[in-house]
Amino acid sequence: MLTNNKQITDQFDLKFHIALLGTPLLLLIVYWSIFFNGISQYQSILTLTLVCIIYILGYSLSYYLHQGRLSRANEHLHQMHHINAISLELVHFANQYENEASFLNALLKKAVSCINGAEMGTIIRIDPNTKNLFFESSVGIDLNKLRRINFNLEQSFEHRFTHGKCDRVVIIDDMTHINDESTLNKNEQMLLSSAPIMPICSTLSSPIHIDGELYGLLNLDSGSLNAFNQYDCHLVELLTHEAANVINIYHKSKAIQKLTFRNQLTQLYNQQGFEKKSRQWKLKPHFGSYLLLIKIKNLNAYNKHEGYQAGDKVIQLLSHHLQALWLNEAIVAYFGGNEFIILCHGPEQQLEYQLKQLGADIHNASIDANIEPITIKYGIGGYQKNWKTSYQDARKMLKQDTLNE
């Protein structure tokens, strides 16, 4: 679309400039033929030719400069379009990123592709309380090495070159002696210099502000000296502004997603969230996959005699123990009422042992919390990509005896 518009503009400009060039030359020739008949023909032609050549050269120079400005304007328009397209793409696919780190990594890759001189880059997060810095993502730089560096905001280029304001894009044309002024120790400076795929010679550093607070820093790096100019600076400023909007939208979409797929009382998946996560579950034939159905046996008694707030505390207590036991290796969900669902790997004998241990732990924890001892029951169903079938199997096998007895 942009290319076609550029071609149409160039064709129009060329015809327009030819008309502007030819018309004055034609009038000059007519004027010369009428009013300069008195001089010799040779002298007349020579003078007319010289005037025309000077005029053509002057006009050609003007045309060349005009085309240069037009090309730069089209390039700027193309890059603006590219930045907007990146922002829309990231917003559109925000929900598909597992976590903020993977989202920021995608954002950084797009940012490096936007700026012509950029070959590497990093996004650095800031702890709002301690002002410590943490490398969240990188392109062309060893992230593991960067994460071994301990430094704070005051040691950053952005803070040093803006006198602590962190309010504008900073260009560093030559990084050769910049680190000589750094307060990092020798080992950290060595990590910083050895992490990139090539020595960093110039850098653009831009602050990312979200809702008026400094969220992080976007650094774009190049292996060439003087790789960036003020035009790049303006582009990065625009890019950072768009990035802040995209990150803000990502946070809000995740918050909405959390409300949609999480139970607010327990912070566990609800049924809708469980169904979504279970579609991504990977079967392990050697261990098997199982769906566990866990119920609080005496929850109704809590609600009836102690009140629903006491019942909520019981639910939260069991949720805490379930997360501690299975969260990193299973899908843990609360379906409401007294039902908890866990999708996990076997073997089944190990799950039986863990469930019995859970019964004992939750019983002891309730005593420590000075509440009526909690009793639970469970059922186990084999899982083969159909959680509803597994759920029915687990209900049939639901043990009627309490686990702590």
Exercise for the section: Using the test salt bridge (Lys or Arg N to Asp or Glu O under 4.0 Å), find all partners of Arg262 that sit at least two apart in sequence or belong to another chain. Expected result: none

Handout entry: Exam field: side chain Ser289 to backbone His345, donor-acceptor pair closer than 3.5 Å
Key = no

Problem - Between CD on residue Gln230 and CD on residue Glu237, distance to nearest 0.5 Å - result: 10.0 Å

Problem - Side-chain (Lys385) to main-chain (Trp281) donor-acceptor, under 3.5 angstrom - result: yes

Practice task
Ignoring hydrogens and angles, tell me if any N or O in the side chain of Tyr378 forms a donor-acceptor pair with the backbone of Leu292 under 3.5 Å.
Solution key: no

Practice task
Say whether Thr162 and Asp167, considering side chains only, have a donor N or O and an acceptor N or O under 3.5 Å apart.
Solution key: no

Exercise for the section: Please name the residue in the list Phe340, Tyr269, Phe274 that meets the ring pair (Phe, Tyr, Trp, His ring centres under 6.0 Å) test with Phe335. Expected result: Phe274

Exercise for the section: Check whether any side-chain N or O of Arg147 sits under 3.5 Å from a backbone N or O of Glu136 as a donor-acceptor pair, and report yes or no. Expected result: yes

Practice task
Tell me, with the steps shown, if Leu214 and Leu153 meet side chain to side chain contact (heavy atoms under 4.5 Å, CB included).
Solution key: CA-CA 10 Å; Leu214 186 61; Leu153 182 59; 3.9 Å; yes

Practice task
Measure the CG-CG distance between Asn144 and Leu191 for me, rounded to the nearest 0.5 Å.
Solution key: 11.0 Å

Exercise for the section: Report yes if the side chains of Gln350 and Phe287 come closer than 4.5 Å at any heavy-atom pair, otherwise no. Expected result: no

Handout entry: Non-neighbouring partners of Ser222 that pass side-chain hydrogen bond (donor to acceptor under 3.5 Å, both in side chains), sequence neighbours left out
Key = Glu119

Problem - Polar side-chain atom of Ser156 near backbone of His159 as donor-acceptor pair, under 3.5 Å - result: yes

Handout entry: Pair Ser202-Asp173, side-chain donor/acceptor within less than 3.5 Å
Key = no

Practice task
Return yes if some donor-acceptor pair links the side-chain N/O of Asn298 with the main-chain N/O of Thr375 below 3.5 Å, else return no.
Solution key: yes

Exercise for the section: Could you list the residues that satisfy ring-ring contact (aromatic ring centres under 6.0 Å, His included) with His251, not counting sequence neighbours? Expected result: Tyr215

Problem - Gap between atom CG of Leu220 and atom CG of Asp232 - 0.5 Å precision - result: 9.5 Å

Completion exercise
dist Ile362:CD1 -> Leu322:CG (nearest 0.5 Å) comes out at 7.5 Å

Practice task
Hey, could you give me the CD1/CZ distance between Ile123 and Phe103, rounded to the nearest 0.5 Å?
Solution key: 9.0 Å

Handout entry: Straight-line distance of Leu204 CG to Ile115 CD1, nearest 0.5 Å
Key = 7.0 Å

Exercise for the section: Determine whether His321 and Leu325 make a side-chain contact, defined as any pair of heavy atoms from C-beta on separated by less than 4.5 Å. Expected result: no

Handout entry: Between Tyr334 and Gln316, a side-chain donor and acceptor under 3.5 Å
Key = no

Practice task
For Thr266 and Gln323, work out which heavy atoms get closest and say how close.
Solution key: O-NE2, 3.7 Å

